[in-house]
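A quick write-up on the structure given underneath.
Naming convention: chains lettered A, B, ... in sequence-line order (proteins, then strands); numbering from 1 in each chain.
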4 protein chains.
Amino acid sequence: MADVAQRATRAKRADAQRNEVVLLEAAAALFVECGVDVPVRRIAEKAGVGTGTIYRHFPNRSDLVIAVYRHQVEDCAEAGPRLLGSAESPYAALVEWVDLFVDFLVTKHGLASAMRNDGKGYEGPHAYFIDRLEPVCGDLLAAAKESGEVLVDIEAYSLMLGVGNLCAYSGGDDRYEARILVGVLIAGLQVQPRLAP
Amino acid sequence: MADVAQRATRAKRADAQRNEVVLLEAAAALFVECGVDVPVRRIAEKAGVGTGTIYRHFPNRSDLVIAVYRHQVEDCAEAGPRLLGSAESPYAALVEWVDLFVDFLVTKHGLASAMRNDGKGYEGPHAYFIDRLEPVCGDLLAAAKESGEVLVDIEAYSLMLGVGNLCAYSGGDDRYEARILVGVLIAGLQVQPRLAP
Amino acid sequence: MADVAQRATRAKRADAQRNEVVLLEAAAALFVECGVDVPVRRIAEKAGVGTGTIYRHFPNRSDLVIAVYRHQVEDCAEAGPRLLGSAESPYAALVEWVDLFVDFLVTKHGLASAMRNDGKGYEGPHAYFIDRLEPVCGDLLAAAKESGEVLVDIEAYSLMLGVGNLCAYSGGDDRYEARILVGVLIAGLQVQPRLAP
Amino acid sequence: MADVAQRATRAKRADAQRNEVVLLEAAAALFVECGVDVPVRRIAEKAGVGTGTIYRHFPNRSDLVIAVYRHQVEDCAEAGPRLLGSAESPYAALVEWVDLFVDFLVTKHGLASAMRNDGKGYEGPHAYFIDRLEPVCGDLLAAAKESGEVLVDIEAYSLMLGVGNLCAYSGGDDRYEARILVGVLIAGLQVQPRLAP
DNA sequence: GATGAATGAGCTTTCATTCAT
DNA sequence: CATGAATGAAAGCTCATTCAT
């Protein structure tokens, strides 16, 4: 009997989880297509569910946004220490990590545009991304500074947001070469900066 | 009587132009303070006019946004050729121009965020900025490449949007060092790029 | 096998009844705490069951509301005849019965607010309370009129609703002295009414 | 020219004021018919305007509710001192005032139901009514106590809410004799109260 | 030409009710 | 039978845009 109950529970959970996945994918797709401000109703339509279902899974709009990107951010965060161990130099590790970071930002789900603080509005996603990834990037950057490969004195926070900004909205614009720009930016870290600008 | 009519017309034109200026200044100020999404009504209030007046001058919200920045863009466009003539090298001219560009983007009126295409939304400002400034930046970049100071093969379009992106939303975030990042990016142009990323 | 089935049925019935009791108690508690408009889901949570279970037992919200108070109303109905037999006069019986009635209305479960017809909405509780209690109160009132203690010509229906109204919403308001007002009202029954108002 | 401008202004104001009146009447009618919880949209429909118009005139639902009753409450408040001067005794003035009060509550616009605090919800109307009318009723009651006509020690607050409660929801129910009940209640003020209840 | 009242589609969010599990 | 996920119709409220004055 306990078994039956458990099976029932499992069945429900499986169904609900499937729905959550469908929802997250629909949201992700629409975030890429229309930006994070896309109405909840459209997400619901795309996912083929009622709006209430979204609010059952995610109490707020912003909770949904966070959830959409959480997994990818997690992967990216875990890659940092691993690369620091395996790459031939700290700077090389940084380059590889940024490359991975850009992969997430550009090719997957338009994460980049969610990294910014929209003025007074969504503190949520921004805060989450930063909290999770800043230490990771900070460790890589510190190591590369210590090894003398990076000459510029810049905060991990700025670097990450910079990369994020460079990748923002690159989806629909074929003439904009986000990846090359990031390459140039990271290359610039090796150059002694001028005093002025 | 024709004279009187003309005088009236002239008077009105003067009045209307004054109104347009007031409006643009109010809008500019609010764009900085609250972002481009600030309600039309608040702009009208700040300008001391009715909302209808705004729509008489600018058929759309986006037309207003364009108009707000048009003047600044013009200044920036005119600076390009001048700097190419006066600076000690093409790359130096490029650096100075970008510095000026960043001045507009960052310190003045939050132009940066208006440079992007918001998905299906505002094509307007984006198109205008690019049309006007891409040739200017392109000339500077070509000269610097020819002089051998710039080793990276990058389009002016990408570079401009890159700088614009780096400066985006830098208003409310004290930890984000837009200007340093731009410096790093421009410095990176001098470095032979790696093949891979 | 029939025996087993019966036992199962019995067991389930016992279970279902237990569930119904739990539900009614949870609902009663929440009605007091938050008013009759408390969401069904919260009642379900408080009772530790699913919302579906509530709808199995009570097809409608209003059916639940009725059920919650049915028992108390029954007690109150049974007290009428008893008091008429035991009190020293019909008016004294009426006073005691109203006192008991107020007990239910005020101190127990906020019954009062369920006694009114909410416009087009809940006919349910209202109808039930009236059907059950009006005859009881009517008998007491008639007896007190006959004994000459009550001089006002008023219907039991009005008197009951009047008392109910005086007790309505008295829960959250410390300055509102429902019981005193009821005392004044019942005292007023003994006074020869003016013609006019 | 100033005259023209003024005339234009006046015209607008006249129009807007007319609309406000239409709105208030529609709201009043619906409050009576369906209670104060009637949706804003339905009020807008009844008034033949868009919902936005309501929010232009009244920033909140509760502001509308207050506005609907403000005028009537004002009339009622002003009647208090006048009656105290003209009636033959303080108690007679109280009776007349309560009669007037009931007129407003019952015959006009279902004010009564707006006098209660709906639990956590609308503090607004309740507070306004009380603030305005409690002193008025308090003066009448105090005078009647002093003249020895009223023997019950009751607060004006309770008395007003009691009368309000007795009149609540009396609209749709022909069997409920609110006015008689109020008469009984006020008569009861003259009777020495029993100790117990 | 200027005004700002009016409009109404659209937003996020809640909740009674249904129904697959 | 119990469950609670799903539903979707409202709800209050905002704001770009129109239009009578």
Side-chain angles (χ1 to χ4, degrees), chain A residues 4-5 7-20 37-42 44 47-57 59-62, chain B residues 8-9 11-13 15-16 19 37-45 48-57 59-62 64, chain C residues 8-9 11-13 15-16 19 37-45 48-57 59-62 64, chain D residues 4-5 7-20 37-42 44 47-57 59-62:
Chain A
V4 171
R7 210 179 288 160
T9 308
R10 255 185 240 141
K12 287 239 185 95
R13 286 232 170 114
D15 221 50
Q17 273 185 2
R18 260 172 76 120
N19 232 324
E20 198 160 313
D37 288 336
V38 69
V40 169
R41 224 179 294 229
R42 289 199 48 205
V49 303
T51 57
T53 304
I54 293 189
Y55 284 91
R56 161 170 295 273
H57 287 281
N60 284 336
R61 261 195 125 277
S62 45
Chain B
T9 308
K12 284 204 177 163
R13 279 214 179 137
D15 223 50
N19 239 329
D37 289 335
V38 71
V40 170
R41 200 174 310 194
R42 291 199 45 204
I43 299 173
E45 277 162 16
V49 304
T51 56
T53 306
I54 293 189
Y55 282 89
R56 171 163 300 273
H57 287 282
N60 282 336
R61 261 194 125 276
S62 45
L64 174 60
Chain C
T9 308
K12 283 203 178 163
R13 279 212 178 136
D15 225 49
N19 239 328
D37 288 336
V38 70
V40 170
R41 199 173 311 191
R42 291 199 46 203
I43 299 174
E45 276 161 18
V49 304
T51 56
T53 305
I54 293 188
Y55 282 89
R56 171 162 301 274
H57 287 282
N60 281 336
R61 259 193 128 277
S62 45
L64 173 61
Chain D
V4 172
R7 209 179 288 162
T9 307
R10 254 186 241 139
K12 287 236 186 96
R13 285 233 170 114
D15 222 51
Q17 273 187 2
R18 259 172 76 120
N19 234 324
E20 198 160 312
D37 288 336
V38 69
V40 170
R41 232 177 286 234
R42 289 200 46 205
V49 303
T51 57
T53 304
I54 293 189
Y55 284 94
R56 161 171 295 276
H57 288 280
N60 285 336
R61 260 195 126 278
S62 45

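Of the side-chain N and O atoms in D:His57, one or more sit less than 4.0 angstrom from OP1 or OP2 of E:dA6. Between D:Asn19 and E:dA5 there is no side-chain polar atom (N or O) within less than 4.0 angstrom of OP1 or OP2. Phosphate contact (OP1/OP2 of E:dT7, side-chain N/O of D:Thr53, threshold under 4.0 Å): present. Proximity of A:Thr51 to the phosphate of F:dG8: no side-chain N or O atom is located under 4.0 Å from OP1 or OP2. Residue D:Arg61 has a polar side-chain atom (N or O) positioned under 4.0 Å from OP1 or OP2 of F:dG12.
To the nearest 0.5 Å, the span separating CD1 on C:Ile43 from CG on C:Leu64 amounts to 5.0 Å. Note that CG of B:Asn19 is 5.0 Å distant from NE2 of B:His57, once rounded to the nearest 0.5 Å.
Residue order along DNA chain E, read from the 5' end via each residue's closest nucleotide, puts C:Pro39 first among C:Pro39 and C:Gly52. In this structure, C:Gly50 and D:Val40 both approach DNA chain F, and ranking their closest nucleotides by distance from the 5' end singles out C:Gly50. Taking for each of A:Asn60 and C:Tyr55 the nucleotide of DNA chain E with the nearest heavy atom, the 5'-most of the two is the partner of A:Asn60. Remark on DNA chain F: of its neighbouring residues A:Ile54 and D:Arg42, the 5'-side contact belongs to A:Ile54, judged by nearest-heavy-atom nucleotide.
Computed from coordinates, the C:Leu64 CG to E:dT17 P distance equals 11 Å when rounded to whole Å. Between B:Asp37 atom CG and E:dC11 atom P there is a gap of 14 Å when expressed in whole angstrom units. E:dT18 atom P lies 16 Å from atom CZ of A:Arg56, rounded to whole Å. Put simply, CD on C:Glu45 is 11 Å from P on F:dA5, counting in whole angstrom units.
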Exercise. In dot-bracket form, how is DNA chain E paired, counting a Watson-Crick or G-U wobble pair only if both its distances are under 3.5 Å and using | for bases paired to another strand?
Worked result: .||||||||||||||||||||
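Take B:Arg56 and apply the side-chain contact (heavy atoms from CB on, under 4.5 Å) test, not counting sequence neighbours, and it matches no residue. Under the rule for a side-chain contact (heavy atoms from CB on, under 4.5 Å), the partners of D:Val40 that lie at least two apart in sequence or sit in another chain are D:Ile54, D:Tyr55, D:Arg61.
Residue-to-nucleotide contacts include no donor-acceptor pair under 3.5 Å from the side chain of A:Arg41 to the base of E:dG10.
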